[in-house]
Amino acid sequence: MKVIVTGGSGQLGREVVKHLLARGHQVVAIHHSREPLNMHGVKWVRLDLSNGYLFEDLVWKEKPHTIIHCAAMTDVDACEVDKPRAWRVNVEATRSVVRAARAVNAHIIYVSTDYVFDGEKGMYKEADTPSPINFYGLTKLIGEELVKSSDVLYTIIRPSAIFGSSAGKKGFAEYVVERLSTGQEVRALVDQYVSPTYNVFLGEAIAKIAEIKPLGVLHVAGDRMSRYEFALKIAEALEAPKTLVKEARTQEMSWTARRPRDSSLDTSKARALLGEFHDTEKAIKLFVEESMRSK
């Protein structure tokens with residue numbers, strides 16, 4: 001099977017590429033600002049997705065069976081500050097992906113987010129009504145609607161709080177490891193709940209989804225926990241003193257954009273389809289080991 005992966009050099013995209021290759025698929029990976037990884041068997045293409053016609057030309061030439069759309073502007077505060085750029089990257093680029101998929105009758109896998117929900121109840125199911133409270137969540141929801149309203153086969157995947165080693169801006173989990181491994185305190189929220197999702201396990205799940213092509217929306221994420229509980233689990237895996245993890249609350253944060261209070265996801269539908277795709281304890285252990293090796 002030939003697959004095009006957008007955002008192929010990103011935190012999630014590179015894991016999707018690795019797992020597709022391991023399963024014997026032909027991969028064309030798009031990168032833009034981040035340099036591609038040296039992976040044998042991948043055709044890397046440098047391309048700005050905001051120039052949609054370039055991507056559509058590439059898809060027409062390659063004629064993939066599946067397009068996995070991982071590329072996105074995911075910095076929540078940056079999306080709030082630079083809305084035109086967020087719209088170009090998260091909405092207009094998705095519109096181009098849909099047009100391209102339609103032209104070659106390809107299956108789309110669109111990676112969305114738990115931030116399409118307002119966070120008022122948590123443990124959201126696929127059928128729950130989205131209601132984003134920040135511009136990032138809005139752009140991703142509009143992307144979902146562009147995919148749904150097209151006449152192509154699609155799977156929309158919603159993860160939550162993706163963590164793993166990254167080539168760009170450090171995420172919360174990397175920040176926690178960096179601080180705790182040097183004996184420094186970490187403040188973590190006791191009143192914000194997510195479903196932390198390990199990029200390696202998510203990449204593997206997406207590769208499987210590309211093969212079985214389930215249609216509709218799937219929540220693919222880890223277990224529900226507060227940011228504070230997540231930091232404590234990282235401390236345990238690091239064998240660092242848990243007393244270094246201090247409680248913090250959302251009203252203390254100087255965020256530009258609002259965050260959902262509880263955007264955790266119910267993943268029972270995905271587990272029924274894929275089996276137990278995400279072991280949170282194992283995920284944190286592997287992540288910590290990888291982080292310490294790279295120091």
Side-chain angles (χ1 to χ4, degrees), residues 1-17 20-21 25-37 39 41-75 78-113 116 132 135-158 167-168 203 206-207 209-210 213 215 217:
M1 178 172 68
K2 182 184 278 192
V3 185
I4 288 182
V5 180
T6 72
S9 58
Q11 184 185 48
L12 174 59
R14 70 170 186 264
E15 294 301 328
V16 173
V17 169
L20 287 169
L21 288 174
H25 299 297
Q26 188 178 352
V27 181
V28 179
I30 310 300
H31 71 103
H32 182 223
S33 56
R34 291 195 187 112
E35 287 303 308
L37 301 180
M39 286 188 272
V42 183
K43 180 178 180 179
W44 288 100
V45 178
R46 188 181 184 95
L47 191 148
D48 183 352
L49 281 178
S50 63
N51 293 326
Y53 67 94
L54 295 176
F55 179 72
E56 291 170 48
D57 284 349
L58 175 70
V59 170
W60 184 251
K61 290 171 186 171
E62 295 291 345
K63 292 184 170 53
H65 302 94
T66 300
I67 300 172
I68 303 176
H69 187 28
C70 299
M73 183 173 172
T74 58
D75 185 319
C79 286
E80 207 73 24
V81 171
D82 192 349
K83 292 180 179 179
R85 180 167 176 252
W87 185 269
R88 287 195 306 274
V89 175
N90 292 349
V91 177
E92 294 303 333
T94 302
R95 197 187 308 276
S96 296
V97 170
V98 170
R99 276 199 303 260
R102 185 187 295 120
V104 297
N105 198 30
H107 172 224
I108 292 178
I109 297 177
Y110 173 75
V111 181
S112 187
T113 174
V116 298
F135 196 70
Y136 166 66
L138 177 63
T139 60
K140 294 301 288 182
L141 178 59
I142 293 171
E144 286 191 13
E145 293 305 317
L146 288 170
V147 172
K148 286 180 180 179
S149 61
S150 70
D151 53 1
V152 298
L153 299 177
Y154 71 84
T155 310
I156 292 169
I157 294 172
R158 293 182 186 138
I206 290 174
I209 287 166
K213 293 179 170 55
L215 303 183
V217 181

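The figures here come from the full heavy-atom set of this structure, side chains too, leaving out hydrogens, waters and symmetry mates.
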Heavy-atom donor-acceptor pair, Glu80 side chain to Phe135 backbone, under 3.5 Å
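Answer holds: yes.
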Determine whether a donor-acceptor pair (N or O, by modelled atom type, separation under 3.5 Å) exists between the side chain of Asn90 and the backbone of Met73.
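Yes, the answer is positive, given that a donor and an acceptor are paired below the 3.5 Å cut-off.
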Evaluate side chain to side chain contact (heavy atoms under 4.5 Å, CB included) for His32 paired with Leu49, printing each intermediate quantity in order.
CA-CA 8 Å; His32 182 223; Leu49 281 178; over 6 Å; no
Nearest atoms (heavy-atom pairs only) where [X] meets [Y]:
{"X": "Pro132", "Y": "Leu141", "value": "CD-CD2, 3.6 Å"}
{"X": "Ala103", "Y": "Trp60", "value": "O-CZ3, 3.4 Å"}
{"X": "Val98", "Y": "Ser150", "value": "CG1-CB, 3.4 Å"}
{"X": "Pro64", "Y": "Ile67", "value": "CG-CG1, 4.0 Å"}
{"X": "Ala29", "Y": "Val42", "value": "CB-CG1, 3.7 Å"}
{"X": "Val111", "Y": "Cys70", "value": "CG2-SG, 4.1 Å"}

Testing Thr6, Asp57, Leu58 one by one against Leu47 for a side-chain contact (heavy atoms from CB on, under 4.5 Å), which residue passes?
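Only match with Leu47 under side-chain contact (heavy atoms from CB on, under 4.5 Å): Leu58.
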May I ask you to test the [X]-[Y] pair for a side-chain heavy-atom distance under 4.5 Å?
{"X": "Glu62", "Y": "Val104", "answer": "no"}
{"X": "Val3", "Y": "Val16", "answer": "no"}
{"X": "Lys140", "Y": "Tyr110", "answer": "yes"}

Distance, nearest 0.5 Å, that separates [atom1] of [X] from [atom2] of [Y]:
{"X": "Leu215", "Y": "His107", "atom1": "CG", "atom2": "NE2", "answer": "6.0 Å"}
{"X": "Ile30", "Y": "Phe55", "atom1": "CD1", "atom2": "CZ", "answer": "6.0 Å"}
{"X": "His65", "Y": "Leu153", "atom1": "NE2", "atom2": "CG", "answer": "13.0 Å"}
{"X": "Glu15", "Y": "Ile206", "atom1": "CD", "atom2": "CD1", "answer": "10.5 Å"}
{"X": "Ser96", "Y": "His69", "atom1": "OG", "atom2": "NE2", "answer": "8.5 Å"}
{"X": "Leu54", "Y": "Asp48", "atom1": "CG", "atom2": "CG", "answer": "8.0 Å"}

So with a 6.0 Å cut-off around CZ of Arg85, is the heavy-atom count from everything else above 12?
no
Counting only heavy atoms not in Lys63 (residues, nucleotides, ligands), do more than 12 fall under 6.0 Å from its NZ?
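Correct, the count exceeds 12.
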Side chain to side chain contact (heavy atoms under 4.5 Å, CB included) evaluation trace for Lys213 with Thr66:
CA-CA 9 Å; Lys213 293 179 170 55; Thr66 300; 3.6 Å; yes
From the list Lys61, Arg99, Arg102, side chain to side chain donor-acceptor pair (under 3.5 Å) partner of Glu56 resolves to Arg99
